[in-house]
Amino acid sequence: MSILLVTEQLDGKWHRMSFEALAAAQAAATGLDCPLVAAVVGSGVGQLAAELASKRVSEVVAVDSPELAQYTPDGFASALRQAVEQVKPRLVLFPHTYQVRDLVPKLAASLGGCFVSDIVAMRFDGGAPIFVRQLFQGKLHADVSATGEPPHFVSVQSGAYRADAVAEGPAPAPIRDLAVSLDASVIRTQAEPPYQDAKDAVDLGSAQIIVSVGRGIQDPDNIPQAEALAEALGGELAASRPICDNGWLPLERQIGSSGQTVAPNLYLALGISGAIQHVVGMKGAKTIVAINKDAGAPIFEIADYGIVADLFDVVPKLIEALEDPN
Amino acid sequence: MNIFVCVKQVMARDSVIRLDEGATWVRDDGLTFEMNEPDTYALEEALRLKEKHGGEVVAVTAGPARSASTLREALAKGADRGIHIEDDRFVEADTHATASALAAAIGQEQHDLILTGLQSDDSGFGQTGVILAEKLGLPHATIIMEIDASGSQLRCKRELEAGWFQTVTLPQPALLTIQSGINKVRYATLMGIKRARKKPFQRYTTDELGIEITAQQNVRRLYQPQQAKQTVFLEGGSREVADELLNKLRFEARVI
Ligand SMILES: Cc1cc2nc3c(=O)[nH]c(=O)nc-3n(C[C@H](O)[C@H](O)[C@H](O)COP(=O)(O)OP(=O)(O)OC[C@H]3O[C@@H](n4cnc5c(N)ncnc54)[C@H](O)[C@@H]3O)c2cc1C
Ligand SMILES: Nc1ncnc2c1ncn2[C@@H]1O[C@H](COP(=O)(O)O)[C@@H](O)[C@H]1O
């Protein structure tokens, strides 16, 4: 039995997490000693299929149909159900994208299989694979096993596997056009093209120093303290999602999967727990400093310097020390 | 409009986590519990839709006896009725089991719209709503930031990655999973809390709903994650750590 990797693309461009998931799928194929089939889904995906075929995979399948030009849960679930039924894999891997969140629970449930979502690692010590997931917003990890009938569906968290670890193939893999029949009438949702909300001119992408506040700031009245620190460091102020949800800072200062991705020299996280959706937006920072009163906060897993303390004790002293070096 | 909102009780954020004996879940004793945060936004959205279009808001939970307090909170905020599928096993249940239970309870009633949060803060599956939709044969849309229910079809603003959005249109009945920040949630008033005591509250056992709790995925072991980086922890008085940090940033990391 094989492993099926389902990649993601939009308008002929890869989703960057597709190759992270491919790296995971190659690792799984080695761990379980079975062939790897990689799928591209969409409309007019021939070129992407050819690119995928240069990687170390046993076969590439192209699930190509005009009905798949625009993502809809009904259309994609129907197409992938047919693909899974033809390929008959034991394991189906996906990158954990927003589209996968929308699609795979439905796909898996319709086939009666389980979906182990958002995994950060896999182990294959003989027998059934063990998947590692984050629980409690990343505070704990869990070893999870799938018990139901295969195929088992698994999605891979952003950053868990490295795209540059993908192995090239010795020779181009065969490409098969996988015929699926799609009736437009099964598609109940109408999707319009993606758009961006009009943004102010805050481009945190070019900031060298970012002071970022999370829910630990506790009250909008405390934001000026963080702002003063940002100013003293000559940096920009940013925030985690709950701060922007509450309207304490504008949305364009949000860092994370639904906000901006930044890679400054210095990222100073004040009262941010370090949930993955935040971390994907800032883990590329050269130096990460975390100030958090909970020593078990996941942000410390990626911090270069950590201070386990009340931010309201430390922040004023940092400002003081910057303004008066003695 | 008959709106069902699925709310889950989770442990309060900033809880101190201790593993249970088998290390497959955390110890319950001494913890406080609250409504899963995205679900508070889903509930608020349901209440607003009802205020606009009329109808009824029913809050549904699957959980142990203690989760009744989360349903009471929903009633105090303005939900009209509560449905509690009571079983201790829902604490550690997988999405297949939970969605089956919710589908059994909601499926036997007239429903126009079902709202869930997009993800639970404890298990973090991010699946229950979509599976529930599939089990009930409904169309769904996830990570919703705006709902317009004034036409014959629902028009919704879906959040995509990295600040992108998309409008989707779907027929009713439908299921939507709600993203945090879609609205500003209300607090329960004293009057609301008083009124909640008289509101209908239906309790089911899994037997009464004719469902079994079977798992498709099992947690074998919970543990502390390993450090990805070698973090240097700075300790001492506040001014001391402040000076030390600035030193490190100037002379070791050379970033300021
Ligand atoms: C689909 C999806 C997309 C998302 N997109 C994003 C996104 O783009 N960006 C984002 O940030 N999040 C996003 N999230 C939310 C994310 O999962 C977390 O909920 C969020 O990042 C948590 O923010 P936080 O760390 O500020 O709050 P919390 O998790 O509540 O953490 C607060 C921290 O502050 C600490 N603290 C409290 N008081 C103090 C004090 N006095 N001194 C020091 N420390 C203190 C606590 O110990 C805790 O660690 C998304 C979630 C989903 C499901
Ligand atoms: N036990 C439960 N009772 C009621 N609703 C639930 C339960 N578990 C999950 N949900 C709903 O499903 C959403 C997603 O949860 P999850 O799939 O666990 O991430 C939550 O935000 C809730 O709205």
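Each chain gets a letter, A, B and so on, in the order its sequence line appears, and its residues count up from 1.
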K.L.:
Side chain from CB out, backbone as N, CA, C, O: work out which of these in D294(A) comes under 4.5 Å of a heavy atom of chain B, or both, or neither.
P.N.:
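Interface part for D294(A): neither.
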
K.L.:
Among E252(B), K184(B), K248(B), which has the most heavy-atom pairs under 4.5 Å with chain A?
P.N.:
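The candidate making the most pairs under 4.5 Å is K248(B).
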
K.L.:
Against chain B, label V315(A) side chain, backbone, both or neither, depending on which of its atoms sit under 4.5 Å from a heavy atom there.
P.N.:
neither

K.L.:
Relative to each other, are the rings of Y223(B) and H141(A) parallel, tilted or perpendicular (30° and 60° limits)?
P.N.:
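The rings of Y223(B) and H141(A) stand perpendicular, inter-plane angle above 60°.
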
K.L.:
Where on S258(A) is there a heavy atom nearer than 4.5 Å to chain B: the side chain, the backbone, both, or neither?
P.N.:
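S258(A) touches chain B through backbone and side-chain heavy atoms alike.
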
K.L.:
Count the heavy atoms belonging to other residues, nucleotides or ligands that lie under 6.0 Å from CZ of R66(B), then report whether that count exceeds 12.
P.N.:
yes

K.L.:
Between D102(A) and T142(B), does any side-chain donor sit less than 3.5 Å from a side-chain acceptor?
P.N.:
yes

K.L.:
By a 4.5 Å heavy-atom criterion (distance strictly below it), what part of L160(B) contacts chain A: side chain, backbone, both, or neither?
P.N.:
both

K.L.:
For the interface with chain A, which of Q224(B), H96(B), Q230(B), E159(B) has the highest count of heavy-atom pairs at distances below 4.5 Å?
P.N.:
E159(B)

K.L.:
Do any of residues 173-182 of chain B have a heavy atom less than 4.5 Å from a heavy atom of chain A, and if so, which, in residue order?
P.N.:
Q179(B), S180(B), G181(B)

K.L.:
Between W25(B) and F136(A), does the ring centroid distance fall short of 6.0 Å?
P.N.:
yes

K.L.:
Can you confirm whether or not the ring centre of F125(B) sits under 6.0 Å from the ring centre of F115(A)?
P.N.:
no

K.L.:
Using side chain to side chain contact (heavy atoms under 4.5 Å, CB included) as the criterion, list what pairs up with T32(B), not counting sequence neighbours.
P.N.:
A12(B)

K.L.:
Applying side-chain contact (heavy atoms from CB on, under 4.5 Å), run through H140(B) and K106(A) and close with a yes or a no.
P.N.:
CA-CA 9 Å; H140(B) 75 264; K106(A) 175 184 173 73; 3.7 Å; yes

K.L.:
Is it the backbone or the side chain of L222(B) that comes under 4.5 Å from a heavy atom of chain A, or both, or neither?
P.N.:
both

K.L.:
Sort L154(B) into side chain, backbone, both or neither according to what part of it lies under 4.5 angstrom from a heavy atom of chain A.
P.N.:
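The answer is neither part of L154(B).
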
